[in-house]
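Quick notes on the structure that follows.
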Amino acid sequence: MISLVLEGRVTGGAASGFAVAEAGDAFIADTRRATRTEAHEARMITVSVARSVMEAALGSTNGLHGRLLTSPQI
């Protein structure tokens, strides 16, 4: 699952693998693993991507759970 934060922020934690995702950031969650997030006045787009598609594109999905893709700071 990949979530893009459009507005607000999302806090994660140990189970989520990231601390905070701000507007413009995206995070990846492996739905086979436990996760907990809390949205704070957030709007997000979330897409589910089949594991087989991710593996075909990346070779391995190991280590992706909790990966935070940050937006460039201007």
Side-chain angles (χ1 to χ4, degrees):
M1 179 177 75
I2 303 170
S3 295
L4 171 64
V5 182
L6 301 173
E7 292 179 355
R9 66 185 171 91
V10 177
T11 56
S16 302
F18 69 94
V20 178
E22 302 281 350
D25 296 342
F27 59 92
I28 300 172
D30 184 340
T31 57
R32 289 185 182 175
R33 297 180 57 179
T35 189
R36 179 183 170 110
T37 59
E38 186 174 323
H40 304 273
E41 298 182 16
R43 284 191 324 126
M44 302 185 309
I45 295 174
T46 300
V47 295
S48 294
V49 181
R51 183 177 306 278
S52 61
V53 171
M54 294 289 282
E55 289 172 343
L58 302 173
S60 173
T61 57
N62 292 337
L64 289 181
H65 180 73
R67 177 75 52 98
L68 182 63
L69 310 169
T70 58
S71 62
Q73 301 300 314
I74 299 174

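Just the heavy atoms: all of them, side chains too, but no hydrogens, waters or symmetry mates, feed the values below.
Here the straight-line distance linking atom CD of E38 with atom OG1 of T11 works out to 4.5 Å at 0.5 Å rounding. Between the CG atom of D30 and the CE atom of M54 there is a distance of 9.0 Å, given to the nearest 0.5 Å.
For H65 against S16, the heavy-atom pair with the smallest separation is NE2-O, 3.9 Å. F18 and V10 make their closest contact through CE1-O, 3.8 Å (heavy atoms, listed as atom of the first residue, atom of the second, distance). When every heavy atom of S60 is checked against every heavy atom of L64, the shortest pair comes out as O-CD1, 4.3 Å.
Atom CZ of R51 has more than 12 heavy atoms from other residues, nucleotides or ligands within 6.0 Å.
Ion pairing of D25 with R9 is absent here, as no side-chain N (NZ or NE/NH1/NH2) approaches a carboxylate O to less than 4.0 Å.
Of the residues I2, L68, V49, the one that meets the side-chain contact (heavy atoms from CB on, under 4.5 Å) test with I28 is I2.
Residues M1 and T46 have side chains in contact (heavy-atom distance under 4.5 Å, counting atoms from C-beta outward). Side-chain atoms of I45 and V5, non-hydrogen and from C-beta on, never get closer than 4.5 Å to each other.
No single ILVMFWY cluster, assembled from side-chain heavy atoms under 4.5 Å apart, contains both M44 and V47.
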